[in-house]
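Computed from a prediction, not measured in an experiment: that's the story for all the values here. Quick note: numbers below take in every heavy atom, side chains included, and nothing from hydrogens, waters or symmetry partners.
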Amino acid sequence: MYKIGILLISLVLFGCGTTGGGSAEKPEDSVWADVGTYKIGVGDQLNVSVWRNPDLSVSVPVRPDGLISVPLIGDIKASDHEPEQLANNIKAALGNFIKNPQVTVVITGANSSQFLHRVRVTGAVQAPTSVPYQKGMTVMDLVLVTGGLIEFADANNTKLYRTTKSGAKVYTVRMNDILEKGDISTNYVLQPGDIVTVPERLF
């Protein structure tokens with residue numbers, strides 16, 4: 001009975017010591033994870049409409065300095081604002097010139113997102129590439145898009161690089177286990193801006 005008790009305690013301690021030890025850290029959300037909330041960026045094309053004031057309504061691009069030009073008020077910051085926020089700022093500025101202006105801002109060309117909302121794969125793959133982000137895409141999907149791994153890939157040391165709100169993070173992806181063993185524990189779902197790098201084996 002005494003020996004059985006020691007054995008049970010040993011098993012419990014062993015279990016506590018190994019739980020999570022072989023499992024990968026869950027990746028944090030990207031700074032671009034909330035793709036439903038779009039902020040205006042440099043290069044975006046905007047349509048600023050002032051109700052009953054067509055002479056104040058303009059279609060303008062966001063300049064490299066992040067500003068746009070609007071009649072009467074001149075330059076105003078547009079980048080890093082949501083359309084509704086920018087509309088409110090324009091409304092407040094126009095209030096110095098006309099009574100109770102009604103302003104709407106519509107993004108007619110989300111050009112900045114074409115760069116930000118991409119995922120990239122480099123290293124020991126058939127064709128390193130950058131592709132538009134698609135919701136639900138995984139690390140394996142991205143690697144397969146390139147045509148797969150090259151012969152000398154160190155697949156189980158694949159790295160996922162992600163910029164998060166708490167800084168840059170690096171996660172190990174066991175790509176060989178995913179492709180050869182069907183172990184999808186590190187087949188992480190991608191987020192906009194992710195970079196996957198597959199190293200080559202050292203000889």
Side-chain angles (χ1 to χ4, degrees), residues 26-122 127-146 160-171 187-197:
K26 184 179 179 181
E28 290 185 38
D29 286 345
S30 162
V31 293
W32 308 109
D34 186 6
V35 295
T37 302
Y38 184 81
K39 291 190 176 181
I40 296 167
V42 170
D44 285 350
Q45 188 72 25
L46 308 180
N47 184 45
V48 179
S49 178
V50 184
W51 188 55
R52 290 187 176 177
N53 287 273
D55 52 328
L56 301 180
S57 301
V58 291
S59 179
V60 290
V62 181
R63 305 196 307 252
D65 58 5
L67 305 178
I68 61 171
S69 294
V70 178
L72 287 185
I73 64 176
D75 290 345
I76 188 169
K77 181 175 173 60
S79 63
D80 299 323
H81 292 331
E82 295 177 24
E84 184 177 357
Q85 181 183 3
L86 176 58
N88 289 335
N89 292 345
I90 295 174
K91 177 181 177 180
L94 284 176
N96 297 319
F97 303 96
I98 60 177
K99 184 178 180 180
N100 194 27
Q102 300 300 310
V103 180
T104 58
V105 173
V106 176
I107 301 172
T108 56
N111 300 317
S112 63
S113 69
Q114 294 178 11
F115 177 78
L116 295 175
H117 289 177
R118 297 183 75 84
V119 288
R120 299 162 177 84
V121 59
T122 64
T129 190
S130 168
V131 299
Y133 166 78
Q134 295 185 43
K135 187 174 181 180
M137 177 184 284
T138 66
V139 174
M140 182 179 68
D141 293 328
L142 183 59
V143 169
L144 292 178
V145 164
T146 70
L160 166 63
Y161 296 86
R162 175 171 294 171
T163 301
T164 72
K165 294 179 180 178
S166 58
K169 301 290 183 180
V170 183
Y171 306 96
N187 187 31
Y188 303 123
V189 176
L190 296 174
Q191 294 183 359
D194 280 355
I195 299 174
V196 174
T197 300

Out of curiosity, [X] [atom1] to [Y] [atom2], how far, rounded to the nearest 0.5 Å?
X      : Y      : atom1 : atom2 : value
Arg120 : Thr146 : CZ    : OG1   : 15.0 Å
Leu86  : Lys39  : CG    : NZ    : 13.0 Å
Asp44  : Ile107 : CG    : CD1   : 5.5 Å
Ile195 : Leu142 : CD1   : CG    : 10.5 Å

(message) Test: side chain to side chain donor-acceptor pair (under 3.5 Å). Region: residues 95-109. Which pairs qualify, not counting sequence neighbours?
(response) Asn100-Gln102

(message) Restricting to side chain to side chain contact (heavy atoms under 4.5 Å, CB included), what partner residues turn up for Asn88, sequence neighbours left out?
(response) Glu84

(request) For Pro83 and Tyr38, work out which heavy atoms get closest and say how close. (result) CD-O, 3.7 Å

(message) I need the minimum non-hydrogen distance between Val42 and Pro64, along with the two atoms involved.
(response) CG1-CA, 3.6 Å

(message) Between Leu190 and Val196, is there a side-chain heavy-atom distance shorter than 4.5 Å?
(response) yes

(message) Is any side-chain heavy atom of Ile73 closer than 4.5 Å to one of Phe97?
(response) yes

(request) Would you please name every residue forming a side chain to side chain donor-acceptor pair (under 3.5 Å) with Thr129, sequence neighbours left out? (result) none

(message) So, using side chain to side chain donor-acceptor pair (under 3.5 Å) as the criterion, who are the partners of Gln85 when residues are at least two apart?
(response) His81

(request) Ignoring hydrogens and angles, tell me if any N or O in the side chain of Thr138 forms a donor-acceptor pair with the backbone of Asn187 under 3.5 Å. (result) no

(message) Please check this pair: side chain of Glu28 against backbone of Thr164, looking for a donor-acceptor N/O pair closer than 3.5 Å.
(response) no

Do any side-chain atoms of residues 47-56 form donor-acceptor pairs under 3.5 angstrom with protein atoms, and if so which ones, sequence neighbours left out?
from: Asn53; atom 1: ND2; to: Trp51; atom 2: O; distance (Å): 3.0

(message) For Gln191, run the side-chain contact (heavy atoms from CB on, under 4.5 Å) check against Val119, Asp29, Leu160 and tell me which one passes.
(response) Asp29

(message) Considering only residues two or more places apart or on different chains, which pairs with a residue in residues 57-73 satisfy salt bridge (charged side-chain N to carboxylate O under 4.0 Å, His left out)?
(response) Arg63-Asp65, Arg63-Asp75

